[in-house]
Amino acid sequence: MMSVLYLASRKDVRRRAATIAVIVGPIIALINHGDALFAGVMTVTQWGKIALTFAVPYSVSTVSSVLAIKEREND
């Protein structure tokens, strides 16, 4: 049985998670901070939140991939 950290660090899992983060991250960022972005009034805190916004889809994709691999392993 492979460890969760090993699975999460696999190249295919990281690549998939990064792709999802690059697609979904900007959408979430625009939903949450679009008004400030277009008005040009972004604060350092808001930029930090946008950076964290990309971590959410990355994390969700990584966890989902790891769980799918582990489930397939158990079949």
Side-chain angles (χ1 to χ4, degrees):
M1 183 189 260
M2 292 187 241
S3 78
V4 171
L5 291 177
Y6 171 77
L7 293 173
S9 65
R10 278 180 28 177
K11 187 175 181 178
D12 59 330
V13 172
R14 288 182 292 131
R15 184 180 307 131
R16 183 180 302 111
T19 301
I20 297 298
V22 167
I23 294 168
V24 176
I27 295 168
I28 297 171
L30 282 173
I31 290 168
N32 291 332
H33 303 284
D35 54 341
L37 273 168
F38 293 120
V41 293
M42 290 291 291
T43 65
V44 173
T45 302
Q46 286 173 307
W47 283 113
K49 288 179 179 180
I50 285 179
L52 286 174
T53 296
F54 284 81
V56 173
Y58 185 92
S59 299
V60 170
S61 177
T62 300
V63 169
S64 178
S65 293
V66 167
L67 291 174
I69 292 167
K70 290 187 82 52
E71 184 175 310
R72 188 176 59 213
E73 222 178 51
N74 291 332
D75 285 345

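No hydrogens, no waters, no symmetry mates; every other heavy atom, side chains included, goes into these values. Bear in mind the structure is a predicted one, so any value in this text is a computation, not a measurement.
- Taking every heavy atom of both residues into account, P57 and G25 meet most closely at CG-N, 4.0 Å.
- Looking at heavy atoms from C-beta onward, V13 lies out of side-chain contact with L7 at the 4.5 angstrom threshold.
- Under a hydrophobic clustering in which Ile, Leu, Val, Met, Phe, Trp and Tyr are joined whenever their side-chain heavy atoms come within less than 4.5 Å, directly or via other members, L52 and W47 fall into different clusters.
- Between D35 and N32, the shortest heavy-atom distance links the atoms OD1-O, 4.3 Å.
- Residues V41 and Q46 come closest through the heavy atom pair O-OE1, 3.5 Å.
- Contacts classified as side-chain hydrogen bond (donor to acceptor under 3.5 Å, both in side chains) and involving residues 14-24 (residues at least two apart or in different chains) are given here: R16-S65.
- Looking at L30 and F38, their side chains come closer than 4.5 Å, going by heavy atoms from C-beta outward.
- The side chain to side chain donor-acceptor pair (under 3.5 Å) check on T53 picks up nothing, with sequence neighbours excluded.
- Under a 3.5 Å cut-off, the side chain of S61 and the backbone N or O of Y58 do not form any donor-acceptor pair.
- Follow the hydrophobic side-chain contacts under 4.5 Å out from Y6 and you reach V66 in the same cluster.
- To the nearest 0.5 angstrom, T62 atom OG1 is 10.0 Å from I20 atom CD1.
- Side-chain contact between M42 and L37 is present, with heavy atoms from C-beta onward closer than 4.5 Å.
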